[in-house]
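Report on the following structure.
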Amino acid sequence: MRKLSALNGNHQVNESDLKLDRLASVGQIAAGIAHEVKNPLTAVKGFLQLLKDEAPHKYLDHAYSELENAISTLQNLLHVSKPDLEQEPFDYINLCSELESLLYLFQERSYQVTIHKQFSDTDARVYGKRNQLKKAFFNLLKNAFEAISDNGTITIKHYKSDENLIIQVSDTGSGIPDDKLQLLGTPFYTSKTEGTGMGLAQVFSTIHDHHGIIHVSSELGVGTEFSVQFPIHTTTNELGVVSLNLKQAPNQNFSDFYTDNQDVFFGLLKQQGRELIETIKSTEIDIDFILESADKVVLLLNERNEHGLIVHAKEHGRNWARHNLDLILKLEWIQMLRKTYWDFLYNFYESVEQNQKQFFELERQVNFNLDSYLKHFASSYSEYKNEVIQFQRGVNEDLPVPVIPLSGHIAILPVVGALDTLRTKKIQGYILDRIYQLQMKQMFIDLTGVSSMDTAMASNLIKIANAAAIQGCRAVITGIRPEVTHTLVELGIALHEKVETRGTLQQALELASNGNQL
């Protein structure tokens, strides 16, 4: 594979200097853009919102959407050029654990892309800003998944070499041409049709800010490998809490202490959960609702109200599932809440006399209640998901699937809803009986009533068509909607190669009535 930079020698220094020069230039440009462009764009966005409220129009919607994209691009540029604007504290981070969590966010591709994890030296830690590093590795993983258009493999390695931690992310994707490797990490350079190049720019900037080294190797048609090297920090933060300059009145209890410093508490929480908050913004859930929920949890913890926490967890577990948010996001959010809560407990009890027994009783009670909250939240979340699955399965099984006979041993099978394994077997048995009874020679499986399709459903359709063929009946699939076709292409499913297809049922019937070969 072609190397982006050598591992030693002057070439590495020169290459690093070039990267730094590019990033420094971006910083200067972004500083000017921030003051000269961002504020006017934000003002225009506000006026557009008012116009949309007064006189809705699709052109205003398009203009508003494009303006949001422009502001988002600008914000990404600022994050790349001046990451220190995000005052996130440094911490000792186990990147192996963070990688495991990040992979949950790509579960929808797991059926298509094989993940090979080769993790060793899993106790190694680096010293850095957790959210910035997580975002950098998220971008690396995202690029790896997007580089694989069909089936492929992503390999992630985590190991120590001397006093350094090495993390490698390699894919079996399309690869990068030799003449483009030197441009990687430059903002606005991208090989994607709709990309901005900010993802890799953020990766290179973050790795450099953490005194790391990044190397890229790639070969067209073979794949790409990103190798990141960090210095290992053997010193750990034994206390595990943060000292804060908080207001504390004499003889004050912890509940009042929390109330007096509530703004600081949620400032820390939002800082740690910035990535999660950005994810939530794209849903129907209001972020203020999430913060109010966190405040409620803290108040219940202060009251040692175990039953109240359970009731709250069950309610919000269903709500989280109803909005189709990943469970791992909530689990991370609660862990951030736990850490911030313990930071506050430490800062409060630092000046309050407490013996060892009292401390352990406090530790056991707080963690027991939070663990109980997590357990009931996850249980409620799963319960709602199972109810939805059972309901959908019941609806699908009850949906009528009539075989409509036409003249000349031709019939139509209109499919509505999803085809899971149980429903497919039921339909298949019914169809085979009807083919035998009516002595059908052609059957049109019409999908006009199907709005979405996944790999399993496509496979089940092929099974039905094959079963009909065994009975001597030729199956033709019609009415595949554009959005379904788009999904099939994205999933790499060549349905038309497995079974005959026609654009619409009307088109297929006209061809059949005219005696044309289908």
Side-chain angles (χ1 to χ4, degrees), residues 108-114 148-152 389 392-518:
E108 75 278 1
R109 293 292 307 276
S110 60
Y111 65 89
Q112 189 178 15
V113 178
T114 302
I148 301 173
S149 59
D150 201 347
N151 296 325
I389 292 172
Q392 291 176 341
R393 177 171 293 171
V395 169
N396 285 338
E397 289 179 353
D398 293 337
L399 285 174
V401 187
V403 172
I404 305 172
L406 302 176
S407 60
H409 304 289
I410 297 175
I412 302 171
L413 173 69
V415 177
V416 179
L419 285 179
D420 59 20
T421 302
L422 291 176
R423 189 173 182 229
T424 299
K425 289 182 178 179
K426 185 176 179 181
I427 292 174
Q428 186 171 290
Y430 170 69
I431 289 173
L432 294 180
D433 288 339
R434 296 294 284 167
I435 290 175
Y436 182 79
Q437 292 168 4
L438 301 174
Q439 297 184 4
M440 288 188 294
K441 296 180 180 179
Q442 288 184 347
M443 178 175 61
F444 301 119
I445 304 175
D446 185 58
L447 304 184
T448 305
V450 175
S451 59
S452 63
M453 186 180 300
D454 56 16
T455 307
M457 184 169 176
S459 175
N460 289 331
L461 278 172
I462 294 170
K463 288 179 181 178
I464 291 175
N466 289 339
I470 293 174
Q471 291 288 102
C473 178
R474 185 181 186 184
V476 179
I477 293 179
T478 67
I480 302 178
R481 296 166 65 168
E483 59 268 31
V484 174
T485 300
H486 177 75
T487 302
L488 292 173
V489 171
E490 290 296 314
L491 295 176
I493 301 172
L495 186 64
H496 62 289
E497 295 180 1
K498 306 291 185 180
V499 62
E500 211 167 347
T501 61
R502 286 292 179 269
T504 65
L505 177 60
Q506 182 179 358
Q507 179 189 34
L509 291 173
E510 287 176 354
L511 289 171
S513 64
N514 293 331
N516 294 332
Q517 186 72 20
L518 289 174

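- By the 6.0 Å contact criterion, CD on Gln437 is enclosed, its count of non-hydrogen atoms from other residues, nucleotides or ligands being greater than 12.
- Separation of atoms CD1 (Ile477) and CZ (Arg502) is listed at 12.0 Å; rounding is to 0.5 Å.
- Residues passing the side chain to side chain contact (heavy atoms under 4.5 Å, CB included) test with Ser459, sequence neighbours excluded: Lys463.
- The CD atom of Gln471 sits 13.5 Å away from the CZ atom of Arg434 when rounded to the nearest 0.5 Å.
- Nearest heavy-atom pair, Ala467 versus Leu432, reported as atom, atom and distance to 0.1 Å: O-CD2, 3.5 Å.
- Remark: Gln507 CD to Phe444 CZ distance equals 10.5 Å, nearest 0.5 Å.
- Taking each heavy atom of Ala468 and Ala475 in turn, the nearest pair found is CB-CB, 4.4 Å.
- The two atoms that bring His409 and Leu438 nearest to each other are ND1-O, 3.6 Å, heavy atoms only.
- Screening Asp446, Thr504, Thr478, Ile412 for a side chain to side chain contact (heavy atoms under 4.5 Å, CB included) with Leu509, the sole residue that qualifies is Ile412.
- Taken from OG1 in Thr501 to CD1 in Ile480, the straight-line distance is 5.5 Å, to the nearest 0.5 Å.
- Considering CG of Leu495 and OG1 of Thr485, their distance stands at 9.0 Å, rounded to 0.5 Å.
- The line from CE of Met443 to CD1 of Ile404 is 12.0 Å long, rounded to the nearest 0.5 Å.
- Leu461 is listed as a side-chain neighbour of Leu447, based on a closest heavy-atom distance under 4.5 Å.
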